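Just so it is clear: chains get the letters A, B, ... in the order the sequence lines come, proteins before strands, and each one is counted from 1. Keep in mind that what you see is a predicted model, and the values were worked out from it rather than measured.
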There are 2 protein chains.
Amino acid sequence: MRKGEATRLRILDEAALQAASRGLTAVSLADVADAVGISKSGLFKHFDSKEAMQRAVIEQVMDQFVAFVWGPAEPKPPGRTRLEKVFDRWLEWGEHEWPRSGCPITAFTVELDDQPGLLRDYLQGRLQSWRARVIGEFQALGDPPLNPAEAQAAFFQLRSYVLGVSEARRMMGDTDARASALAAFHTLLDRTIRVAA
Amino acid sequence: MRKGEATRLRILDEAALQAASRGLTAVSLADVADAVGISKSGLFKHFDSKEAMQRAVIEQVMDQFVAFVWGPAEPKPPGRTRLEKVFDRWLEWGEHEWPRSGCPITAFTVELDDQPGLLRDYLQGRLQSWRARVIGEFQALGDPPLNPAEAQAAFFQLRSYVLGVSEARRMMGDTDARASALAAFHTLLDRTIRVAA
DNA sequence: GCCAAAAGAGCACGATCGGTCACTTTTTGT
DNA sequence: ACAAAAAGTGACCGATCGTGCTCTTTTGGC
């Protein structure tokens, strides 16, 4: 159905917005329905339960994230150039796509990491496949390629800096965080390439 | 009053435990009261409102955190040795003091960073004073001392690695995260000292 | 233009939420 | 030991939660 699909997307957009700032559990179906302009019962024609909606929200956000970050990075040559684009877009994602709430994926991770169930399992799977993709890119950094442990450690630092920028900017009022992160990331790239050579 | 103060502490411990995993807002006063073994109305003899309890929870957790991390670090000689202890205890705090839920401070930060109000303001103040303390320690790393921007950038990396370890361990199943973090942190210390020299 | 199917409205349900109030029990200072 | 204060109880309030139900409106394929 044409119309239904459009409404479904509007619901997911609104639910993702609210979940990014209040958390997945704290999202009220009534609030989402009101914001979208339909009734609460109309919402149930698109999702069987609140949990089904939450799962669809995670799915859509992860799709958007991968498209936003990997889309512009993929055309770049593999290795350093592509990784720099990934890092840049990852920072951009949190900073400009979700300026009010901060990155919803980080919020979902902190909320769900100790809550066993469908939502956590699905999010974990998506995050792991993303992680594997970026780690693969790190392996291609060196010639000969980095071993898995080295690439994993490099990814750890990349991800840490993204987390650090978010907290520094949003909670600590640190306006230099992005610069600190870029400097640290370039040091990481330099060091990683040198170690591999 | 003797008895009342003991109950108050039990309430705060239980509320902190629940808030660390469900979030400050999602904590139910009925659940806390049940777990402590008193009635819901008895809870209101110790806190005027839910928000007052949340604020007290943040206060107690921050006190515990500073005591847990800074306590063993303070006797160490200033500079590198003390910073290594701070980092070690900071990792220990999340890993062993809050094994089920993860670090409550990180959870509170992600929950409150876009929610203006008393809770955010108070948490922000406590975090900034902690940050200032560690940054001061970084300045003492070099001779001559690091300038504020350098020390701030070093703190950014330290904090980022702590955040990274938590996510890697709790969500990604990365058992090597602590080793990656320690390696990255020691590189940071080496580089910072060398830059200052 | 007709008609089935999809989309949505309206209402009500049991449960739970934070919070109040009047009352009883326990603790504490003297 | 006694009285005042503190600590704790139980019943209850209005609001909101997710969800099920029946019914109406709208949409899209023929």
Side-chain angles (χ1 to χ4, degrees), chain A residues 1-60 108 111-112 115-120 122, chain B residues 1-60 108 111-112 115-120 122:
Chain A
M1 274 299 111
R2 252 302 185 279
K3 178 83 177 310
E5 192 58 28
T7 306
R8 194 187 126 101
L9 290 180
R10 283 194 300 138
I11 293 173
L12 286 179
D13 276 341
E14 179 61 31
L17 207 65
Q18 294 199 18
S21 69
R22 302 193 223 175
L24 277 168
T25 307
V27 166
S28 152
L29 298 185
D31 286 352
V32 172
D34 282 355
V36 171
I38 64 175
S39 67
K40 202 170 47 161
S41 26
L43 228 162
F44 279 88
K45 296 289 166 170
H46 300 277
F47 304 99
D48 292 338
S49 67
K50 184 179 182 179
E51 192 181 35
M53 189 190 75
Q54 295 170 323
R55 141 97 194 215
V57 165
I58 297 175
E59 184 174 7
Q60 191 195 240
F108 298 164
E111 182 179 356
L112 295 176
Q115 313 266 344
L118 290 172
L119 297 181
R120 191 193 118 103
Y122 179 72
Chain B
M1 278 299 108
R2 255 295 191 286
K3 178 84 178 309
E5 192 58 26
T7 306
R8 193 188 127 101
L9 289 180
R10 284 195 298 139
I11 293 171
L12 285 180
D13 276 342
E14 180 61 32
L17 206 67
Q18 294 199 17
S21 71
R22 304 193 223 175
L24 277 168
T25 307
V27 167
S28 151
L29 298 185
D31 287 351
V32 172
D34 282 356
V36 171
I38 64 174
S39 66
K40 197 172 52 161
S41 25
L43 230 164
F44 280 89
K45 297 288 166 165
H46 301 277
F47 305 99
D48 291 340
S49 66
K50 184 179 182 179
E51 193 181 36
M53 188 190 75
Q54 294 170 322
R55 141 94 195 218
V57 166
I58 297 175
E59 184 175 6
Q60 190 194 240
F108 299 165
E111 181 178 358
L112 295 176
Q115 312 264 345
L118 289 172
L119 298 181
R120 191 195 118 105
Y122 179 71

Undergrad: Can you check whether Leu119(A)'s main-chain N or O pairs, donor with acceptor, with Glu51(A)'s side chain at less than 3.5 Å?
TA: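 Here the side-chain-to-backbone pair does not exist.
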
Undergrad: Whole-Å distance between dT9(D) C1' and Lys3(B) NZ?
TA: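 Those two atoms, NZ and C1', are 13 Å apart.
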
Undergrad: Quick one: does Thr7(A)'s side chain get under 4.5 Å of Lys45(A)'s, heavy atoms only?
TA: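 Side-chain contact under 4.5 Å: no.
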
Undergrad: Taking all non-hydrogen atoms of both residues into account, name the closest pair between Met53(A) and Leu43(A) and its distance.
TA: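 Heavy atoms of Met53(A) and Leu43(A) come nearest at SD-CD2, 4.0 Å.
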
Undergrad: Roughly how many Å is it from CG in Asp34(B) to P in dG8(D), rounded to a whole number?
TA: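 So the two atoms are 15 Å apart, to the nearest Å.
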
Undergrad: So Val27(A), base contact, sugar-phosphate only, or nothing? Heavy-atom distance under 4.0 Å.
TA: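 Counting heavy atoms under 4.0 Å across all strands, the contact made by Val27(A) is with sugar-phosphate only.
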
Undergrad: Using a heavy-atom distance cut-off of less than 4.0 Å, which residues of residues 36-60 of chain A contact DNA chain D?
TA: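 Residues of residues 36-60 of chain A that come under 4.0 Å of DNA chain D are, in numerical order, Lys40(A), Ser41(A), Phe44(A), Ser49(A), Lys50(A).
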
Undergrad: Going by side chain to side chain donor-acceptor pair (under 3.5 Å), Thr25(B) matches just one of Lys50(B), Gln54(B), Glu111(B). Which one?
TA: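 That would be Glu111(B).
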
Undergrad: Dump the intermediate steps for side-chain contact (heavy atoms from CB on, under 4.5 Å) on Ile58(A) and Leu112(A), then the final yes or no.
TA: CA-CA 11 Å; Ile58(A) 297 175; Leu112(A) 295 176; 4.0 Å; yes

Undergrad: Nearest whole angstrom, please: distance from the C1' of dA7(C) to the CG of Leu9(A).
TA: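 It is 15 Å, rounded to the nearest whole Å.
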
Undergrad: What integer distance in Å separates Glu5(B):CD from dT27(C):P?
TA: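 About 16 Å, once rounded to whole Å.
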
Undergrad: Could you state the CZ-C1' distance from Arg8(B) to dA6(D), rounded to the nearest angstrom?
TA: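 Result: 15 Å.
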
Undergrad: Would you sort out whether Asp31(B) and Glu14(B) count as a side-chain contact (heavy atoms from CB on, under 4.5 Å), showing the intermediate values?
TA: CA-CA 9 Å; Asp31(B) 287 351; Glu14(B) 180 61 32; over 6 Å; no

